[in-house]
Protein chains: 2
Amino acid sequence: MIQQEQRPLYEIKANLFKGLAHPYRIHILEILSSAPETTVSEMIEVTGLEASHLSQHLAVLRRYGLVTSDRRGSVVFYRLAFAQVADLLFVARQLLTELLGSSSEQLSSLGDLPVIALTPPGPTHSAQPATQPGGGW
Amino acid sequence: MIQQEQRPLYEIKANLFKGLAHPYRIHILEILSSAPETTVSEMIEVTGLEASHLSQHLAVLRRYGLVTSDRRGSVVFYRLAFAQVADLLFVARQLLTELLGSSSEQLSSLGDLPVIALTPPGPTHSAQPATQPGGGW
DNA sequence: GCTTGATATGATGAGTTCATCAAGTCAGAA
DNA sequence: TTCTGACTTGATGAACTCATCATATCAAGC
């Protein structure tokens with residue numbers, strides 16, 4: 001899945017973002033960003049996820065090379081594979097600060113724009129015309 | 001009507017990455033990172049995509065608030081909505097350098113990328129996962 | 001008006017990812 | 001050696017994303 005050796009960089013990069021494109025995985029990475037290492041049990045507690053569900057997302061992160069793990073006795077410890085993962089989350093947060101800030105300005109000054117920044121696809125918020133990410137391709 | 005401010009940040013952040021999780025969209029953003037603005041025709045030429053296909057991805061990027069556009073006559077110009085978008089691509093590239101470098105030295109393909117300078121207190125103070133104050137972001 | 005070039009939107013089937021639950025592995029305790 | 005706790009893997013239907021093609025819009029000329 002992750003053999004990206006001789007593909008154009010934009011494909012490899014998109015693939016990285018794909019690995020990050022799930023709320024639970026971001027949550028996991030944020031937890032791991034805030035401590036040197038964390039056990040699965042701790043993550044279950046913090047996230048409230050079912051063990052198998054959490055484990056699936058940890059498996060994805062492992063496959064993408066974003067986290068590493070080792071077992072000590074019956075406990076498994078996880079940590080970020082690279083400090084740059086935390087950097088990426090940090091820059092993403094900066095971008096979101098701009099993005100959300102400006103979109104709320106637009107919204108309050110221009111009334112109802114058909115612009116929806118970063119709203120996830122799905123049956124949520126029905127107040128908008130049919131222009132939602134992922135809605136109807 | 002949008003109220004993303006009330007969702008946990010990791011959901012909003014994951015959604016941002018979702019908007020970036022496609023090779024063509026990354027390619028488009030890299031093109032836009034390397035010039036102040038670009039027309040759709042130019043992007044068709046560079047990417048080799050069919051017009052409607054490109055337009056769909058541009059629509060996604062617009063909806064996510066990552067690019068803006070304006071029409072002048074019959075030509076539409078696109079540009080990045082925020083400089084931080086380029087920053088994010090830059091940091092992603094750094095992470096990829098580590099990630100791929102740790103498994104092989106196939107980084108020669110990284111050479112043809114637009115190199116974007118990060119904003120002064122750049123998030124590239126690597127080495128430490130930067131334990132952001134106030135863990136819940 | 002009508003035509004043409006530049007872009008955008010809609011519809012659809014194929015492919016992918018997700019959440020859930022069942023079953024499996026691995027290590028230490030009894 | 002069986003049990004139990006801590007995780008991981010497998011299977012499956014629902015939901016989502018994609019590429020393709022058809023259709024629509026918009027601006028400039030004729």
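Just so we're on the same page: letters track the sequence lines, and every chain starts at 1.
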List the atom pairs, with distances to 0.1 Å, where a side-chain N or O of residues 18-27 of chain A and a protein N or O form a donor-acceptor pair under 3.5 Å, not counting sequence neighbours.
| unit_1 | atom_1 | unit_2 | atom_2 | d |
| --- | --- | --- | --- | --- |
| His22(A) | ND1 | Tyr24(A) | N | 3.1 |
| Arg25(A) | NE | Gly19(A) | O | 2.7 |
| Arg25(A) | NH1 | His57(A) | ND1 | 3.1 |
| Arg25(A) | NH2 | Lys18(A) | O | 3.3 |

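Residues in residues 51-60 of chain A take part in no salt bridge (Lys or Arg N to Asp or Glu O under 4.0 Å) pair, two or more places apart or across chains. Applying the ring pair (Phe, Tyr, Trp, His ring centres under 6.0 Å) rule to pairs touching residues 66-85 of chain A yields nothing, sequence neighbours excluded.
Under 4.0 angstrom from either OP1 or OP2 of dT16(C) there lies no side-chain N or O belonging to Lys18(A). At dC18(D), one or more side-chain N or O atoms of Arg25(B) fall inside 4.0 Å of OP1 or OP2 (strictly under the cut-off).
What separates NE2 of His22(A) from C1' of dA15(D) is a distance of 12 Å, to the nearest Å. Note: CG (Leu61(B)) to P (dT9(C)) measures 13 Å, nearest angstrom. Spacing between atom CZ of Phe17(B) and atom P of dC16(D) amounts to 21 Å, rounded to whole angstrom units. Across the protein-nucleic acid pair, Tyr24(A) atom OH and dA19(C) atom C1' stand 9 Å apart, rounded to whole Å. In this structure, CZ of Arg72(B) is placed 17 Å from C1' of dA28(D), rounded to the nearest angstrom. Summarising the geometry, the separation between CD1 on Ile26(B) and C1' on dC18(D) is reported as 16 Å, rounded to the nearest angstrom. In this structure, Ile28(B) places its CD1 atom 14 Å from C1' of dA8(C), rounding to the nearest Å. Nucleotide dT7(C) holds its C1' atom 14 Å from the CG atom of Asp70(B), rounded to whole Å.
In this view, Arg71(A) satisfies the salt bridge (charged side-chain N to carboxylate O under 4.0 Å, His left out) rule with no residue, not counting sequence neighbours. With sequence neighbours excluded, the residues satisfying salt bridge (charged side-chain N to carboxylate O under 4.0 Å, His left out) with Arg79(A) are Glu37(A), Asp70(A).
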### Task
At under 4.0 Å between heavy atoms, which parts of nucleotides 4-10 of chain D does protein reach? Answer with one letter per nucleotide, 5' to 3': B base, S sugar-phosphate only, - none.
--SSBBB

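With hydrogens and angles disregarded, a donor-acceptor distance shorter than 3.5 Å links the side chain of Glu42(B) to the backbone of Thr39(B).
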